[in-house]
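Comments concern the structure below.
Atom set for the values below is all heavy atoms of this structure, side chains included, hydrogens, waters and symmetry mates excluded. Chain A is the first sequence line, chain B the second, and so forth, proteins listed ahead of strands; every chain is numbered from 1. None of the values given here were measured: they were computed from a predicted structure.
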Amino acid sequence: MSRMVTQIISTMETQVSNGPSGTSLPNGPVISTNGATDDSKTNLIVNYLPQNMTQEEFKSLFGSIGEIESCKLVRDKITGQSLGYGFVNYVDPNDADKAINTLNGLKLQTKTIKVSYARPSSASIRDANLYVSGLPKTMTQKDMEQLFSQYGRIITSRILVDQVTAGISRGVGFIRFDKRNEAEEAIKGLNGQKPLGAAEPITVKFANNPSQKTGQALLTQLYQTAARRYTGPLHHQTQRFSLIPPFGKGPDPNNSTKPILDNLLNASYGVKSSPSLLPRFSPITIDSMTSLAGVNLTGPTGAGWCIFVYNLSPEADESVLWQLFGPFGAVTNVKVIRDFTTNKCKGFGFVTMTNYDEAAMAIASLNGYRLGDRVLQVSFKTSKQHKA
DNA sequence: TCGGATT
């Protein structure tokens, strides 16, 4: 990769300013009487950035609004992976306001970015984000906020919803408090407790960093994107498995916009590779973010299409699922269900794929596929364990 | 023979 090595930024939600010039320019930073800069009207936090957006793309997008004093895409200290958020400090408060008005809610790939004023940097607001699971499906975001608000000021909250069933709660969500100690109190008070009228207790814990996809999921998506760019969809394995024609050829009555959106829906902004046998991955910089800005992605934006895989051997592991499903398209997650005590596979697992047609092709091809001495049963996951 | 979930 020839890309300039971007700095690895700590996981702290802090903005390190390049510092004021020391003189007060007409549109320059506001200097308070004690000499500290007041960034409250110029400094923005940007959330839900696409996983592979680069510092350069980030700066390019927000620089299109006005002069930037400093900006940072926040990355994992160890892996260098984007944590999906960043800070932009404008010179002119009017530009900060303009950025919120024009860029908040912008859809980029599968994300809808959030642009808002950043809170002043402080140690006490770090690690104040909670992950909540086991929520009753009927509980709304407002209900959840009400439950948690007794412990402090809530900055953000969210309940994750199922993409296919049009917004049914997945029973998990997030609550970010203003202060870490408020979050700690909420864990003490609510973890393992049953909300009023709920049948099951909820789990409340500190959240992981955003978008911590497995490295393998990222690699798989990169591979898919790169390979398809030059050879079209991988169908060598499809042909081995079935007589179904390769997908991606000819009109697709179910999704006529797919070719246009293909690059955006997949993991990369763009991957160029030499047309050799082994793909090389060298990200390219797109010239203008405006090409992305005009596109509104439609359809599922959530987890993807969940596939149930039955009749795996007790020894099966995640890698077999990656190998089986990866050739059909973008796989975002695989899971082998294991017995808690023996740690052996219970005979089934799940695979999540981004695109419906690829998931359908994988199912059509892999259902009935013989893996060792077993015949797999593969289908879309049902919502409940009842049979048809 | 259909989990656990990480914006």
* Structure fact -> To the nearest angstrom, the CG-P distance between A:D339 and B:dG3 comes to 15 Å

* To do: Please round to the nearest 0.5 Å and tell me the distance separating atom CZ of A:F177 and atom CD1 of A:I125.
  => 14.5 Å

* Take atom CG of A:L160 and atom C1' of B:dT6, then tell me their distance rounded to the nearest Å. => 7 Å

* Round to the nearest Å and state the distance from A:F308 atom CZ to B:dC2 atom P. => 6 Å

* Rounded distance (Å) that lies between atom C1' of B:dA5 and atom NZ of A:K335 -> 9 Å

* A:F308 vs A:Y310 aromatic rings, parallel, tilted or perpendicular, using cut-offs 30° and 60°? -> parallel

* For atom CG of A:L321 and atom C1' of B:dC2, their distance in whole Å -> 14 Å

* From the list B:dC2, B:dT6, B:dG3, which nucleotide is the closest neighbour of the side chain of A:F174? -> B:dT6

* Length of the line joining A:I363:CD1 and B:dC2:C1', which is rounded to integer Å -> 13 Å

* Asked: Hey, are A:K188 and A:E185 close enough for a salt bridge, meaning a charged N less than 4.0 Å from a carboxylate O?
  -> yes

* Structure fact -> Value for CZ (A:R176) from CG (A:D127), rounded to nearest 0.5 Å, stands at 8.5 Å

* With respect to the side chain of A:V172, which nucleotide from B:dT1, B:dA5, B:dC2 is positioned closest? -> B:dA5

* Asked: Side-chain N or O of A:R158 less than 4.0 angstrom from OP1 or OP2 on B:dT6?
  -> no

* To do: Using whole Å, report how far CZ of A:F350 lies from C1' of B:dA5.
  => 11 Å

* A:K205 NZ - B:dA5 C1' separation (whole Å) -> 10 Å

